[in-house]
Amino acid sequence: MELRVIDKTDEELRIEIAGEDHTFMNVLKGQLLNTDGVAAATYDMNPEQSGGQTEPILSIKTEDGLDPLDALEQAATGISDSLETLYDRVEAAFDDAAAAEA
């Protein structure tokens, strides 16, 4: 994953996230919208209306003094934590199923 900051202010961030698609971008946008201090989060897969797929551009607007890069970090950590929880639950379910078969 390659990141390129397009614009950054104290309350707004536009960043290109190369190599990602709607699947990842929707998860990231959803996590951002659940982050305290994030007023808006959206992404655009075709920002220049070029008629073809382009790299997604994520836009974040924050409030209450939250730096948008900090919001992005919080959202990424939240996604990582959720995936770890999912992995642990799936692993436990497989272990339970194996024990029941024994």
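Numbers for residues simply follow the sequence, beginning at 1. All values below were derived from every heavy atom in this structure, side-chain atoms included, with hydrogens, water molecules and symmetry-related copies excluded.
Under the rule for a salt bridge (Lys or Arg N to Asp or Glu O under 4.0 Å), the partners of D7 that lie at least two apart in sequence or sit in another chain are R14. By the side-chain hydrogen bond (donor to acceptor under 3.5 Å, both in side chains) test, N34 is found to be paired with no residue, residues two or more places apart in sequence or in another chain being considered. Shown here are the salt bridge (Lys or Arg N to Asp or Glu O under 4.0 Å) partners of E73, two or more places apart in sequence or in another chain: there are none.
No side-chain heavy atom of V27 sits under 4.5 Å from any side-chain heavy atom of M25. Side-chain contact check for I60 versus E12: every heavy-atom pair is 4.5 Å or farther apart. Contact annotation: the side chain of E63 never approaches that of E11 to less than 4.5 Å [non-hydrogen atoms, C-beta and beyond]. A 4.5 Å side-chain heavy-atom check between L13 and L58 finds every atom pair outside the cut-off. Within the 4.5 Å cutoff, no side-chain heavy atoms of E20 are placed close to those of L28. Residues I57 and I6 meet the side-chain proximity criterion, which asks for heavy atoms closer than 4.5 Å.
Nearest heavy-atom pair, A71 versus V38, reported as atom, atom and distance to 0.1 Å: CB-CG2, 3.7 Å. Between L3 and I15, the closest heavy-atom pair is CB-CD1, 4.0 Å.
The local environment of CG in D10 is sparse, with at most 12 non-hydrogen atoms from other residues, nucleotides or ligands closer than 6.0 Å. By the 6.0 Å contact criterion, CD on E91 is enclosed, its count of non-hydrogen atoms from other residues, nucleotides or ligands being greater than 12.
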Q.
One pair to check against side-chain contact (heavy atoms from CB on, under 4.5 Å): D67 and T62. What are the steps and the verdict?
A. CA-CA 7 Å; D67 186 288; T62 60; over 6 Å; no
